[in-house]
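One structure below.
Everything numeric here is computed off the predicted structure, so don't read it as measured data. In what follows, chains carry the letters A, B, and so on, assigned in the order in which the sequence lines appear, proteins first and then strands, with residues in each chain numbered from 1.
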Amino acid sequence: MTAFRLAKGGLIDRDTALGFTFDGAAFTGHAGDTLASALIANGVNLMGRSFKYHRPRGAVTAGAAEPNALVELREGGRKEANTRATMIELYDGLVAKSQNRWPSLSFDVGAVNSLASSIFVAGFYYKTFMWPKSFWEKIYEPLIRKAAGLGTASKDSDPDKYEKSYAHCDLLVIGSGPTGLMAALTAARSGARVILADEGAALGGSLLFEQEEIGGLSGFDWARGAIAELASLPNVTLMPRTTVFGWYDDNIFGAVERVNDHVLAPSPYEPRQRYWRIIAKKAVLAAGAEERPVAMGGNDIPGVMLASAMRHYANRYAAAAGQSVVVFTGNDSGYRTARDLKAHGVHVEVIVDSRADSSAEVKGVPVLRGRLVADVVGRKGVTGVELTDHTRISCDAVAMSGGWSPIVNLACHRGGKPRWDEAILGFVPPDVGPGFVAAGSAAGRMLLSQCLADGARAGTLKGKVPSVPKCRDEAYAAAPLWWVKGGHGKAFIDYQNDATAKDLPLAAREGYRDVELAKRYTTTGMATDQGKLGNINAIAILAEATGRSMDAVGTTTFRPYYTPVAFGALAGPFHGHHFQPVRKTPLHDWAHELGAVFVETGLWMRSSWFPRDGEDWLAAASREVLATRGGVGLCDVSTLGKIDVQGSDAGAFLDKLYCNTFSTLAVGKARYGLMLREDGIVYDDGTTSRLAEDHFVMTTTTANAAKVMAQMEFAHQALWPDLDVTYVSVTEQWAQMAVAGPKSRATLQKIVDDLDMTDETVPYLAAKEITVLGGLPARLFRISFSGEHAYELAVPADYGNMVARALMQAGEEFGITPYGVEALSIMRVEKGHVAGGELNGTTTAADLGLGKMMSTKKDYIGRMMAQREGLLDPARQCVVGIRPVDAADRIRAGSHILRREDRPSMANDQGYLTSVAWSPMLNMWIALALVSNGRARHGEIVRVWDGLRGTETLGEICDPMHFDRENKRLHA
Amino acid sequence: MLIPCPHCGIRPVEEFTFLGDARPVRPTSNDPATMDQWFDYVYLRDNPRGRFDEYVHHSGGCRSWLVVTRDTETHDVFGAVTARDWAKQHKGRRA
C-alpha cells in the first residue's frame with residue numbers, strides 16, 4: 001500500500017491483488033482498477049512522452065478522452081499501440097510499455113526538441129521541410145517518422161478472433177449515467193426492446209464516481225438498483241465495454257464490444273472484440289459531458305488533471321493523484337473535487353476560482369477568488385503553481401476545470417452542426433429528428449434533476465412521461481476560462497499533438513482563420529483523441545483572435561469513429577483463408593490428382609498447367625500444346641459462365657443482347673456471339689447454342705459471368721419487360737471440358753452412347769443433347785478455341801470428375817494430355833482469338849476485326865453509340881499480330897509499338913502488345929497487339945519498345961492468326 | 001440504409017447494387033437523326049439534391065431490378081417498385 005492508495009472507499013476489490021508490469025517494473029493493483037488508476041495508486045504519474053516535444057506526461061483524464069497516457073498494451077501478436085491507460089481494465093499479468101520515448105521514459109533523448117521549441121511552431125513542418133525537394137523522401141520524412149509517431153504496431157499476426165454481429169431494438173441508449181439509466185428503465189418498463197451500451201467497464205457512468213443522492217439513496221446505490229432491474233428484464237440487453245462509435249443512415253449505429261480485453265487472453269471459444277451493427281428505431285444520446293482543461297503554462301506536467309478526473313480516481317479507485325492539491329476552476333464543479341478529496345483525507349491547499357463574484361465554498365478549504373493560475377511549476381511532477389500576480393503556492397497535484405462540453409459527437413456524424421449555448425458555455429447537439437435525441441448533460445442540461453427528467457422523456461416511446469425520483473442537485477454555474485495568458489510555460493490545448501494556445505493566434509495571423517484550416521495548420525484536434533478535451537478552448541481562442549463569436553467560428557467536423565477501433569474488429573473473421581470464398585470447378589479433384597498447378601481467377605481456382613518431373617510452367621504448357629495439336633488434349637472450361645435461356649421470346653431477347661443475330665440460329669447449332677455495352681464498346685463474348693426452338697444455352701467469359709447475368713436481368717426487367725423469356729445461371733450445374741486435337745473425335749466416340757460421330761452427325765458448330773457412359777445426360781458442342789478439330793462436352797457437375805477420368809482412359813491410346821489455361825492461352829494467341837487483353841473496355845467490334853458481326857437489321861444494346869464518329873475512325877487501334885523479325889528475340893506483353901524511325905514518346909505511340917505467348921508450333925514468341933490503323937499495316941517492321949525492362953526489338957505487324965491461317969485443322 | 005424490396009421485405013443496403021438514375025428512357029429508334037436522344041440516354045445524368053429515383057439491383061437477394069426513391073441528402077428511402085412496374089408506368093415517356 002502506497003501513500004497514494006486511499007485507506008478507504010472506492011469500487012476496487014481490495015482482497016484481489018493483481019500483478020502487472022509497466023516498462024518492465026512490477027506493480028500491484030486491485031480488481032476494479034484501470035491501468036491508470038493502478039499506476040497512480042502506486043505513485044506513478046509519468047506515463048508517456050508527448051508527440052512533438054517529448055514532454056513527460058501523465059493521465060489528465062480518467063476516461064475515453066485521454067490524450068496523454070497512451071501505452072503499448074500486451075506483447076507479440078497481441079500488442080496494441082496507443083491504448084489509453086485510463087480505459088484499460090487491470091488484470092493479473094498485464095504488460096504495458098510507455099511509448100514515444102528513447103531510450104527510456106524518464107530520460108528521453110527526443111526531449112531536446114523542446115529546447116528548440118521556438119522553431120517548432122505551428123506550420124513548422126510545412127515551412128521547413130519543403131526544400132530541397134529530394135530531401136523530403138530521403139532525409140526529412142524518415143527522420144520525422146522515427147522521431148515522431150506514437151506506439152509501434154506489432155509485425156506478428158494477431159492470434160485472437162474477432163466477430164461481427166447485428167442487433168435490432170426499439171430504443172438504443174448510449175451511455176449509462178443517470179440520463180441513460182432513466183431512459184432505459186422507462187422504455188424497458190413499457191416492454192420495448194432496449195439496448196443499453198456504455199464504453200465503460202461497468203455500467204453507471206458518472207454515478208460510479210460522483211457523490212450524488214437519488215430517491216433517498218446514494219447515486220451509486222440507485223444505479224445499482226436500476227441496473228439490476230434492467231438485467232432482470234428479458235427485453236433488455238446490457239452492453240458494458242461497448243463503445244458506440246458512429247451514427248449512420250437509417251439510424252444504424254456502429255459499436256465495438258471489448259469482450260475479452262480485460263483478461264490475459266481470450267478463451268479459444270470467444271472473440272477478443274465484437275463489432276456490432278445496431279439498428280435502432282430510436283436512440284438516445286446520453287453520453288454526458290466532457291470536462292475541459294485550462295490553457296495555462298505547464299498544464300501538461302504529470303499531476304495536472306481535470307478536476308473531475310481527480311475525484312474520479314479518488315472516489316471510484318481510491319487513488320490519490322497527489323497529497324497536496326490546488327484546484328483551479330472557473331465553475332462550481334471544481335469545488336466538488338476539493339470537497340471529495342478532503343473527505344478522503346487528501347489535503348487541498350487552496351481553490352483558485354477565476355470568478356471574483358463566486359460564492360461557492362468548501363468547508364475548511366481557502367478560496368482565492370478572481371485569481372488565475374498562470375503556470376504550473378515542475379518538470380516530471382508538479383511542485384507548485386504560480387498565479388498571474390506571482391503568488392507561488394506549493395502542491396504536488398493540480399485539479400483544473402475549464403467548464404464542461406456536452407459530448408455531441410454522435411449526433412453530428414451525419415452532417416449536423418452543434419450550436420453554441422452561452423448559458424452553459426458549451427456546444428449542444430443539433431436537432432437531428434425524432435429518431436435520435438440527445439438527453440441530459442449531452443444535451444447541455446447539466447443538473448442531475450434535469451438529466452433524470454430528460455432520460456424519462458427520451459425513454460417514453462408511447463403514453464405519458466413517468467415521474468422520476470427526487471434528487472439533490474449540485475450547483476452548476478460557469479464563467480469562461482479558456483486561456484490564462486502571461487505564463488512562462490507552454491499552455492497546451494491539444495496534448496497529444498503538442499499544440500499550444502499560442503499556435504491559434506499565429507494561425508489566424510497567417511490567414512488560417514477558418515476553424516478547419518486552423519486545425520490542419522496547428523494540428524489541433526487531429527490525433528487519436530480528435531481533440532476531445534481542448535477543441536473548445538481552441539475555438540474560443542480562435543474566436544478571440546479573429547473577433548468572432550463561438551457560433552461564427554463553429555466546430556470542426558465530427559466523424560466516426562468516436563474513439564479508435566482496431567483493424568481486427570473491422571476485419572472480423574474475414575481474413576486469411578476466410579477473406580473470400582474459393583470456387584472450385586467440378587473437375588478440381590481430377591485436375592488435382594494429375595498434379596495441376598492452380599491459378600486464382602477471380603474467386604475460381606483454375607488448373608493452369610500440369611507439370612511433369614522438373615518442368616516449369618513454360619515447358620509444361622508447351623508440351624501440352626504439342627500433345628493437343630498432335631493428338632488429343634483435355635481442358636477444364638467449367639468456369640465459363642453458363643446461362644440457360646428459355647421462352648418463346650428467347651431468340652428475340654438474345655438479339656437485343658448480342659450485336660449479331662440469334663433468332664435465326666437453327667436448332668442444334670452453336671454460334672459465336674459478341675455483346676456490346678450501350679456506349680458501343682465490346683462487353684463480352686461467348687458461344688451460344690440453340691437446343692430447342694425456345695431454349696438456348698449461353699456462355700460468357702469467366703470474368704464477366706456475373707456481370708452479364710445482371711445486365712440480362714436489367715435488359716429484361718427494365719428495358720423489355722414484355723418479352724416472354726426466363727433465364728438462370730447454370731454455371732455451377734454443369735461441368736464442361738474441352739476435348740481438342742485430331743484424335744478428339746476418336747476419344748469421345750468411345751464414351752458417347754448410340755451416336756456415330758461423323759462430320760454429318762456432328763458437323764462443325766453442332767450442339768447436341770446426348771448421353772454418355774450408358775445413359776448420363778450430356779451436351780456436346782463442336783466448337784473450338786484452340787483451332788483444332790475440337791468439342792466441348794458438358795455433363796452434370798457431380799459427374800464431372802468421373803467423366804474426365806473416363807475420357808482420360810478413352811484417350812490413353814492416343815496419348816491424351818490434360819492441359820491448363822496456360823496452354824489454352826498459347827493456342828488462342830496462335831489462332832489470333834481475342835480474349836481479356838483485347839476485350840479491355842476500350843475496343844469496338846471493328847477494332848477486334850469483328851465489325852461484320854454487327855447487325856444492321858435489328859436494335860440491340862450498343863448499336864447506336866457504336867456508330868459514333870470517334871469509334872469509326874480508321875486510325876483507331878485494332879488487333880493485329882506481332883512477331884519478332886529475328887525469331888530468337890523475346891517480346892513481352894505491354895511493350896509499345898513505335899514506327900521504326902521514331903523515338904519513344906506518347907505522341908509517337910502506335911499501340912501495344914496485349915497478349916504474348918511462346919508458340920511451340922512456330923518456335924518463337926508471338927503476340928497480339930492493338931496498333932493504330934493496324935489492319936492496313938501488315939508487313940510493316942516496327943520497334944517493339946519495352947520501357948519497363950529497358951529493351952527493344954524489331955517486330956513485324958502481321959495477321960493476328962499466326963498459325964493454320966486456312967483453318968484446315970478445325971475442319972480436319 | 002434499409003431498402004423495402006417488394007419481394008423480400010426490408011433488407012440492408014449491402015444486399016443491393018446501385019446503378020443510377022432511373023428517369024432516362026431508352027430511345028426506341030435506330031434512326032441516325034435520334035443520335036442526340038441516345039447521347040442523352042447513355043451519358044447525361046442529373047445529380048439532384050433531394051428526391052431521386054434510381055435503379056437498384058437486389059443482387060444479393062431476389063435479383064430483381066428495383067427503382068428506389070431516396071433522398072440523396074438525407075438517405076431517407078421513400079419506397080421501391082420493381083423496374084418492371086416502373087417501365088410499364090413510364091412507357092412512352094421521354095427522358
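- Top candidate by heavy-atom pairs under 4.5 Å with chain B, chosen from A:M709, A:R414, A:M865, is A:M865.
- The contact list for residues 163-171 of chain A toward chain B, using heavy atoms and a distance under 4.5 Å, is empty.
- Nearest heavy atom pair, residue A:E678 against residue B:V42, reads CG-CG2, 3.7 Å.
- Scanning all heavy atoms of the two residues, the minimum distance from B:A87 to A:A718 falls at CB-O, 3.4 Å.
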*Run the side-chain contact (heavy atoms from CB on, under 4.5 Å) check on B:L2 and A:I279 step by step: do they pass?*
CA-CA 10 Å; B:L2 300 171; A:I279 297 103; 4.2 Å; yes
*Might you work through the side-chain contact (heavy atoms from CB on, under 4.5 Å) test for B:M1 and A:Y248, ending with a clear yes or no?*
CA-CA 8 Å; B:M1 243 163 46; A:Y248 303 93; over 6 Å; no
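- Listed options B:H57, B:H75, B:R63 were ranked by heavy-atom pairs under 4.5 angstrom with chain A; first place goes to B:R63.
- One finds a salt bridge joining A:D859 and B:R26 here, because a Lys/Arg side-chain nitrogen approaches an Asp/Glu carboxylate oxygen to under 4.0 Å.
- For B:W65 (side chain) and A:H716 (main-chain N/O), no donor-acceptor pair under 3.5 Å exists by modelled atom type.
- In this structure, B:C62 SG and A:E713 CD are separated by 9.0 Å, a value rounded to the nearest 0.5 Å.
- By the neighbour-count criterion of 12 heavy atoms within 6.0 Å, atom OH of B:Y43 is densely surrounded, having more than that number from other residues, nucleotides or ligands.
- Only the side chain of A:D722 comes within less than 4.5 Å of a heavy atom of chain B; its backbone N, CA, C and O stay farther away.
- Residue B:P12 does not touch chain A at all, counting heavy-atom pairs closer than 4.5 Å.
- Note that CG of B:D76 is 7.5 Å distant from CG of A:D250, once rounded to the nearest 0.5 Å.
- Distance check: A:Q867 CD to B:M35 CE gives 7.0 Å after rounding to the nearest 0.5 Å.
- Heavy atoms of B:F39 lying under 4.5 Å from chain A belong to its backbone as well as its side chain.
- The part of B:D31 that comes within reach of chain A is its backbone (N, CA, C, O), which places non-hydrogen atoms under 4.5 angstrom from that chain.
- Annotation: A:L603, atom CG; neighbour count of heavy atoms from other residues, nucleotides and ligands within 6.0 Å is above 12.
- Interface remark: B:S64 contributes backbone and side-chain atoms alike to the contact with chain A (heavy atom separation under 4.5 Å).
- Here the CD atom belonging to A:Q717 is positioned 10.5 Å from the OH atom belonging to B:Y55, to the nearest 0.5 angstrom.
- Atoms CG and CD, on B:L19 and A:Q711 in that order, are 10.0 Å from each other to the nearest 0.5 Å.
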